[in-house]
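Structure first, commentary second.
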Amino acid sequence: MREIISELSKKLHSGEMSSVELTKEYIEAIEEANGTINAYVHTTFETAINTAEIADKMLKEGNASALCGIPMTLKDNICTDGLLTTCCSKILDGFKPYYDSAVWEKLKANGAVLLGKTNMDEFAMGSTSESSCYGAPLNPRNTGHVTGGSSGGVAAAVCANMAAYGLGSDTGGSIRQPASFCGIVGLKPTYGAVSRYGLIAYGSSLDQIGPLTYSVKDAAIVFDAIKGIDKRDQTSKAYDYGNLLEGLTQDVKGKKIGVAEEFFEGIDPDMKAQIFEAIQLFEKNGAEIVNIKLPALKLALPVYYIIACAEASSNLGRYDGIRYGHRTTTYDSIDDMIYKTRSEGFGDEVKRRIMLGTYVLSSGYYDAYYKKACIIREEINQEFNDIFAKCDALIAPTAPNTAFPLNFKGASPVEMYLSDICTVPINIAGIPSISVPCGKDAKGLPIGMQIIGRKFAEATILNMAYFYEQNSEDKVGNYEGGVRI
Amino acid sequence: MRYELVCGIETHIELATNTKIFCNCTTAFGGDPNTHCCPVCTGQPGSLPILNKKVVEYAVRAGLAVHCKINNISHMDRKNYVYPDLPKAYQISQYDEPLCEHGYIELESGKRIGITRIHIEEDAGKLVHENGYTYVDYNRGGVPLIEIVSEPDISSPEEAKEYAEKLQLIMRYVGISDCKMQEGSMRCDVNVSLREVGTKEFGTRTETKNINSLNFIQKAMYAEVERQTDILEAGGSIIQQTMRYDDVSDMISPMREKENSDDYRYFPDPDIIRFQIAQEKVDEIKSSLPELPFDKLTRYVNELELPETTARQMFKYRRVAEFFEGALAEGASVKNASNLITGTIYSNMNTEEDKELFSVLISAKQFGELVKLLDEKTVNFKMAQSTLQQMLESGKSAGDLIKKEDLAGISDDDLTKWCQEAIDANPKAVADIMAGKDKAINVMFGHIMKQSKGKADTKKAESIIRELLS
Ligand SMILES: [Zn+2]
C-alpha cells in the first residue's frame with residue numbers, strides 16, 4: 001500500500017525533486033489518461049505551476065507542511081476563487097466564484113498544488129457520476145464500469161495516480177462509495193468536523209467534505225489539515241482529536257466492534273465473506289466482536305431521500321440565470337426566463353430530486369413526509385447512540401455491490417437509491433466513517449469496508465483502518481498507470 | 001346594515017444594526033448598487049449565513065418595549081419563493097418559533113392593541129427599472145428586519161394610525177430603528193375586514209401592502225372600508241386579495257394576482273443552529289431600556305407639572321428629553337429649561353427629523369448652566385435667549401460668552417445709579433408716574449437699557465425707580 005503523500009513529501013523536503021517537476025509529472029499523466037478516464041472536468045495547470053513555484057520556495061525556507069508542493073484535486077462543487085466551479089451542471093456553466101472555500105483556503109496555505117476540478121454527479125446527486133453534464137468518469141480498475149459517485153472524478157483521479165489526493169463531499173455516501181468502487185480510501189468526517197463554507201450545498205444537514213487517498217495515513221494527514229471550527233460555518237465545531245498521526249498505533253486490543261446483521265442483508269456472499277474475514281482479523285488481534293441490532297436501518301433510505309431532497313429543493317432555488325451560470329437565450333418575461341433557464345440547465349436526476357423535495361415540503365404533505373422524516377432521524381440517532389454506548393466502532397460494507405457496469409439500464413431510480421443503504425444512515429446520524437479496500441469480488445472489482453465511529457472519533461476509526469490496511473493482504477493493489485515516483 | 005371594522009397590522013421595521021443579519025456587510029442606506037454586498041447576502045453558491053447576535057438583541061429590545069414574552073430558545077426557518085430580488089430563492093425568517101410573543105400597545109383611550117408576535121428576518125434586494133431593462137440591487141438584501149404582527153383588535157382608521165404612530169415612537173425610543181416610513185425603514189401592511197355589528201365571525205379580509213406614511217394608513221383604510229361597504233351593500237362578497245393604495249388618486253385597487261396561491265414550504269434552516277437567549281441576557285436588556293415615551297409623558301405632566309402641550313412637544317424626541325433631563329440634573333428649573341428648548345432651540349429646527357436628530361453643539365450641562373443664570377436672574381429671559389442662540393452657533397459655554405462680550409450681570413449699584421440718572425433727566429415722566437400713569441416708566445427704561453446695553457432686568461429697574469420716588 002503506497003503512502004503517497006508521505007513518500008512525495010519526503011522527496012520534496014529532501015530536495016530530491018521539486019514541486020514544479022512533480023507537478024509537471026502529474027500534468028503529463030492527466031494529459032495522457034484523462035481523455036479516457038474523464039476524471040478532470042476543468043484543469044488549472046497554469047495556476048498549478050505557479051503555486052508549485054511558490055511551494056518550492058516554502059520548502060526551501062523550511063517549516064513547510066507535509067502537504068506543501070503536493071499536487072491534488074478538488075471535487076467540482078468546492079469553490080475556488082477565480083477558477084471554474086460548476087457542480088458538473090449546465091446551470092453553473094462558466095461559474096467562477098470570487099471567494100475560496102474554507103478547505104481550499106487551508107490547503108492553499110499549506111502549499112497544496114491544485115491540478116484541477118474533478119467530475120461528479122450533477123450537484124452531487126447520484127451514485128455513479130453518470131449524471132455529470134460532462135459525461136461519466138470511468139473506473140480506472142475496469143473502464144467498463146463506473147467510478148461510483150458522486151465524487152467519482154476524485155476517486156478516479158486518485159486511483160489512476162492523476163492526483164496525490166483529493167477532496168470530495170459526502171451527503172449519502174459520495175466519498176465512501178466511489179472510494180470503495182475504485183479501491184482507495186475515503187473518509188467522511190463527523191458532521192461539523194470540516195467547514196462547509198464554499199461547498200455548494202446539496203443537503204445542508206448531511207453534506208460533509210473529506211479526503212480520498214491511497215492510504216489511511218494519507219487520509220489522516222489530509223483530514224488533519226482541513227478539520228476545525230470555522231466562524232463562517234455555524235455548524236462547524238472545535239474538537240481536540242489529539243495527534244492523529246501518532247494515534248496510528250495499529251493497536252486494536254480491547255476495542256469493541258459492533259456488527260449489525262441488517263447491514264449484510266442481501267449483499268453479495270463474496271463480499272460478505274471478505275468483510276467477515278476482516279472482522280476476524282480484528283478479533284484475532286484482541287478486538288471484541290459485539291453482535292448488535294439496527295432495526296431503524298430500513299428507515300434510513302426514505303428518511304435520507306426526504307431530507308436530502310427537501311433541503312436540495314430549497315438550496316437549488318437560487319439557480320435562476322440572473323446572477324451567474326447559464327441563462328436561456330430567448331424569453332418573454334422574467335418568469336419565462338427562470339422557467340426556461342432551469343428547464344435547460346438541470347439534468348433529469350436533479351429535477352427529480354427538486355420535485356421530490358418540493359412535494360415533501362408542500363402544505364398538506366409536510367407533516368406526513370418532512371416532519372415524520374425528522375422524527376425518525378432522531379430515532380436513528382438514538383439507535384446509534386445506544387450502539388456506541390456498547391461499541392467503539394461498527395464494521396459494515398460500504399455498498400451492497402461493487403462498481404456497476406457503465407450505462408447500467410437494469411435499474412430504476414428507486415433501485416439505484418437502494419444501493420445507498422449502507423452509507424446514508426451514517427450521514428443521517430452525522431457520525432464519521434472511513435471506507436477501506438477489502439479485497440475484490442469475482443469480477444476483480446474492489447470491495448469497500450466501512451469502519452464507523454462515534455461523533456468526532458476520527459482518531460479511533462483511522463487507527464482501526466490503519467491496523468487493517470497494515471495487517472491484511474493487499475488484494476486490490478495500486479493502479480499501474482499515472483505518476484509512478 | 002351596519003358594519004364594524006376589524007383590522008390587524010403587520011409592520012416591518014429595519015433594525016439599525018451596523019451590519020447585516022447574516023454577514024458583515026454594512027446596512028447603510030444608499031450606496032452605489034451592489035456595493036454593500038458579499039457572497040453571503042447575494043446568495044452565492046457555497047456561502048453560509050452567520051446569525052448576527054446584535055439582531056437578536058435588538059429584536060428582544062423591541063419585544064420588551066411592547067410588553068412581549070421572550071422565547072429563550074428560537075430558530076430560523078426558510079421561506080421559499082422565487083423572485084429576482086431574493087438571491088437564494090428563500091428568505092430566512094421565523095415561522096413557528098418567533099422570538100417574541102403576546103405583547104400590546106396601549107392607545108390614549110386606554111384600549112390595548114394586542115401584539116401577536118415579533119420575529120426576525122432578512123430584507124430582500126430592490127428591483128430598478130431603467131431604459132427598458134430591469135436591474136437588481138442587493139444592497140438592501142440581508143438588512144435585518146423585525147415583523148410585528150398585531151391582533152385584529154383595531155376597530156377604526158384612527159386607532160390604526162395611532163397604533164402605528166405609537167409603535168414608531170416606541171421603536172425609535174428604544175433605539176432599534178429610525179423608523180422612517182418614506183425611506184422604507186418602517187412599512188405597514190394593513191388587513192381590513194368588515195362584519196355586521198353584533199356578529200362574532202370575521203368577514204373576508206384584504207391586505208393593503210407597503211403603506212409608507214402614517215396618514216396614508218388612515219386614508220387607505222377609509223378607501224378600503226368604503227369599497228368593502230359598497231360591495232356588501234350591493235349584496236356582493238369580498239375576495240381575499242392583496243390591495244395597493246395610491247396616495248395621489250386616493251384610490252385603492254387590487255394588485256395583479258399571482259397564478260398560484262403561495263406555498264412557502266417553510267422548514268427549519270439547516271445552516272443556522274437553534275439559538276438560545278439566556279434569561280440573564282433578557283433581564284440585562286430589560287434593565288437597559290430607557291423610560292418608555294408614554295411613561296415619560298405622564299411623568300412630565302404629573303410630576304414635573306409641565307403644561308401638557310409643552311410636555312408633548314418634548315417627550316416624543318428621545319434626545320430632546322435626554323437633553324432636558326440632563327439640564328434638570330444640573331439644577332436647572334423645569335419651566336425655564338422647557339421654555340428655552342421649545343422656544344429658542346426649536347426655532348433652529350424646522351422639521352420633525354431635526355428634532356429627532358437633535359444635533360446641537362452644546363451639552364445638556366452647558367445648557368443647564370445657562371438656565372441656572374436665568375433662574376438666579378443673573379440674566380433676563382431675553383438675554384438668556386440671545387446667549388443660548390450664540391451658544392448653539394459656537395458651542396461655547398454661557399460663562400465664556402457673557403464674560404467675553406461684557407455681558408456679565410449688572411450690579412445693584414450700577415442699576416440704582418442709572419435709575420437715578422433717568423429720574424433726574426425726565427422730570428415730566430416722574431410727574432406722570434406720580435400721577436399714576438404707569439406707562440410713563442417706559443421713558444425711564446430707554447435710558448437704563450441704553451446704559452446697560454439692553455441687559456438690565458426691567459422689573460428690577462421698575463421696583464428701584466418706585467423706591468427712589470417713594
Ligand atoms: Zn454581505
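Order of the sequence lines fixes the chain letters, A, B, ..., with proteins taken first and strands second; residue numbering starts at 1 for each chain. The model shown is predicted, which means the values in this text are computed figures rather than measured ones.
- Open room surrounds OH on B/Y83; 12 or fewer heavy atoms of other groups in view lie less than 6.0 Å from it.
- The candidate with the highest count of non-hydrogen atom pairs below 4.5 Å against chain B, out of A/S205, A/G317, A/S204, is A/S204.
- Between B/P45 and A/Y324, some side-chain heavy-atom pair lies under the 4.5 Å cut-off.
- Residues B/Y264 and A/S362 fail the side-chain proximity criterion, which asks for heavy atoms closer than 4.5 Å.
- Crowding of B/D246 atom CG: a count of heavy atoms from other residues, nucleotides or ligands under 6.0 Å exceeding 12.
- Counting non-hydrogen atoms of other residues, nucleotides and ligands closer than 6.0 Å to NZ of A/K351 gives a total above 12.
- The environment of A/K340 atom NZ is dense: over 12 non-hydrogen atoms of other residues, nucleotides or ligands sit within 6.0 angstrom.
- Contacts between residues 131-142 of chain B and chain A, defined by a heavy-atom separation under 4.5 Å, are made by B/V136, B/Y138.
- Side chains of B/N34 and A/R323: a donor-acceptor N/O pair is absent below 3.5 angstrom, by distance only.
- Atoms OH and OG, on A/Y99 and B/S47 in that order, are 5.5 Å from each other to the nearest 0.5 Å.
- Neither the backbone nor the side chain of A/F123 comes within contact range of chain B, judged by heavy atoms closer than 4.5 Å.
- Contacts between A/T358 and chain B at a heavy-atom distance below 4.5 Å involve backbone atoms as well as side-chain atoms.
- Taking OH of B/Y90 as the reference point, atom CG of A/N315 lies at 5.5 Å (rounded to 0.5 Å).
- Atom OH of A/Y319 and atom NZ of B/K88 lie 12.5 Å apart (nearest 0.5 Å).
- With a 4.5 Å cut-off on side-chain heavy atoms, B/P84 and A/D320 do not count as touching.
- Rounded to the nearest 0.5 Å, atoms CD1 (A/I322) and CG (B/D85) are 9.0 Å apart.
- Between A/S363 and B/D263, the closest heavy-atom pair is N-OD2, 2.9 Å.
- Among residues 20-31 of chain B, no residue has any heavy atom closer than 4.5 Å to a heavy atom of chain A.
- Enclosure of atom CZ in B/F275 by more than 12 non-hydrogen atoms of other residues, nucleotides or ligands within 6.0 angstrom is indicated.
- At a 4.5 Å heavy-atom cutoff, the contact between B/D271 and chain A is made by backbone and side-chain atoms alike.
- The number of heavy-atom neighbours closer than 6.0 Å to OH of A/Y369, taken from other residues, nucleotides and ligands shown, is 12 or below.
- Distance CG/A/D233 to CD1/B/I50: 6.5 Å, rounded to 0.5 Å.
- Environment of NZ in A/K96: sparse, with no more than 12 heavy atoms of neighbouring residues, nucleotides or ligands closer than 6.0 Å.
- Rounded to the nearest 0.5 angstrom, B/L48 CG and A/R196 CZ are separated by 5.0 Å.
- Using a 4.5 Å heavy-atom threshold, the side chains of A/Y365 and B/R265 count as separate.
- Here the shortest heavy-atom pairing between A/Y366 and B/P268 reads OH-CD, 3.8 Å.
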Notebook entry, point to check: Could you go step by step and tell me if B/L51 and A/Q234 meet the side-chain contact (heavy atoms from CB on, under 4.5 Å) rule?
Noted result: CA-CA 8 Å; B/L51 181 60; A/Q234 272 203 337; 3.9 Å; yes

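- With a 4.5 angstrom heavy-atom cutoff, A/K231 touches chain B only via backbone atoms.
- The backbone N or O of B/G43 sits less than 3.5 Å from a side-chain atom of A/R318, completing a donor-acceptor pair.
- Counting only heavy atoms from C-beta outward, the side chains of A/E311 and B/F267 approach each other to under 4.5 Å.
- Neither the backbone nor the side chain of A/L206 comes within less than 4.5 Å of any heavy atom in chain B.
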